[in-house]
Amino acid sequence: QEPLVESGGASVQAGGSLRLSCEVSGYVYNNFCIAWFRQTPGKAREGVGVIDNYKRVNFAESVTGRFTITKDNPKRIVYLQMNNLKPEDTAKYYCAADGDLVNGRCVWPLDQDGMEYWGKGTLVSISS
C-alpha cells in the first residue's frame with residue numbers, strides 16, 4: 001500500500017469549491033503531520049497547509065480563510081477543503097507526511113525537504 005494517495009482533483013470555475021482527499025496508511029496517519037503542497041509547471045512547490053494529530057492546522061497566507069484541512073480518523077483520510085477557488089489555485093496538489101515535530105507541533109513553515117513520504121498528486125484546474 002502506498003503511504004499516501006490523493007484524489008478529488010477536477011476542473012471547476014472560479015468561485016467554486018473542491019474537496020481533495022488523502023488516504024493515509026495506518027502507521028503514517030498515527031505518527032506524522034500531514035501536509036498539502038501544490039505545484040505549477042516552472043514554479044517551486046508551495047506549502048499550502050498542515051494538520052497534526054490534535055487537528056491543529058496552519059495555512060499559507062494565500063489560502064487562509066478559503067482552505068481548511070480536516071481528518072477522518074476511522075477512515076484515515078485527510079481532507080483539503082478548498083472554497084472560493086481562484087485561477088491562481090490551479091496546480092497539482094500533493095499530500096506529504098512529516099515525522100519531525102517541534103515541541104509536539106508540525107514544522108511551520110513547511111519544508112518540502114523535510115517530508116518523508118509523498119503522494120503522486122491530483123490535478124486541480126480553475127477556470128475564470
Trace of the side-chain contact (heavy atoms from CB on, under 4.5 Å) decision for Tyr79 with Thr68: CA-CA 8 Å; Tyr79 297 105; Thr68 58; over 6 Å; no

Within-4.5 Å side-chain heavy-atom neighbours: [X] and [Y]:
{"X": "Ser7", "Y": "Thr122", "answer": "no"}
{"X": "Asp89", "Y": "Met82", "answer": "no"}
{"X": "Asn73", "Y": "Lys55", "answer": "yes"}

Can you measure from [atom1] ([X]) to [atom2] ([Y]) and round to the nearest 0.5 angstrom?
{"X": "Met115", "Y": "Cys95", "atom1": "CE", "atom2": "SG", "answer": "11.0 Å"}
{"X": "Glu2", "Y": "Glu23", "atom1": "CD", "atom2": "CD", "answer": "11.5 Å"}
{"X": "Cys33", "Y": "Asn53", "atom1": "SG", "atom2": "CG", "answer": "7.0 Å"}
{"X": "Cys22", "Y": "Ile51", "atom1": "SG", "atom2": "CD1", "answer": "11.5 Å"}
{"X": "Ser125", "Y": "Gln13", "atom1": "OG", "atom2": "CD", "answer": "11.0 Å"}
{"X": "Asp98", "Y": "Gln112", "atom1": "CG", "atom2": "CD", "answer": "12.0 Å"}

Do [X] and [Y] share a hydrophobic cluster, counting only Ile, Leu, Val, Met, Phe, Trp and Tyr and linking them when any side-chain heavy atoms are less than 4.5 Å apart?
{"X": "Val78", "Y": "Tyr27", "answer": "yes"}
{"X": "Leu18", "Y": "Phe37", "answer": "no"}
{"X": "Tyr29", "Y": "Ile77", "answer": "no"}
{"X": "Leu4", "Y": "Trp36", "answer": "yes"}

Please test Leu110 against Arg45 for side-chain contact (heavy atoms from CB on, under 4.5 Å), starting from the C-alpha separation and ending with a verdict. CA-CA 10 Å; Leu110 292 172; Arg45 194 168 289 183; over 6 Å; no

Determine, step by step, whether Leu101 and Val107 satisfy the side-chain contact (heavy atoms from CB on, under 4.5 Å) criterion, reporting the C-alpha distance in whole Å, the side-chain angles of both residues, the deciding distance to 0.1 Å, and the verdict. CA-CA 6 Å; Leu101 278 67; Val107 173; over 6 Å; no

Can you give me the closest heavy-atom contact between [X] and [Y], atom names plus distance?
{"X": "Tyr93", "Y": "Leu20", "result": "CB-CD1, 3.5 Å"}
{"X": "Glu6", "Y": "Lys120", "result": "OE1-N, 3.0 Å"}
{"X": "Val48", "Y": "Trp108", "result": "O-CH2, 4.3 Å"}
{"X": "Pro87", "Y": "Ala14", "result": "CD-CB, 4.1 Å"}
{"X": "Arg66", "Y": "Leu85", "result": "NH1-CA, 3.9 Å"}
{"X": "Val28", "Y": "Ala97", "result": "CG1-CB, 3.5 Å"}

Test of understanding: with side-chain hydrogen bond (donor to acceptor under 3.5 Å, both in side chains), list the residues that count as partners of Gln81, not counting sequence neighbours. Asn83

Mind checking what makes side-chain hydrogen bond (donor to acceptor under 3.5 Å, both in side chains) contact with Glu46, not counting sequence neighbours? Arg38, Ser62

Side-chain donor/acceptor of [X] to backbone N/O of [Y], under 3.5 Å:
{"X": "Arg76", "Y": "Val24", "answer": "yes"}
{"X": "Asn103", "Y": "Arg105", "answer": "no"}
{"X": "Thr90", "Y": "Ile126", "answer": "yes"}

Should the pair Trp118 and Tyr94 be assigned to parallel (<30°), tilted (30 to 60°) or perpendicular (>60°) ring geometry? perpendicular

Using the ring centroid of each side chain, check whether Tyr117 and Phe32 are separated by less than 6.0 Å. yes

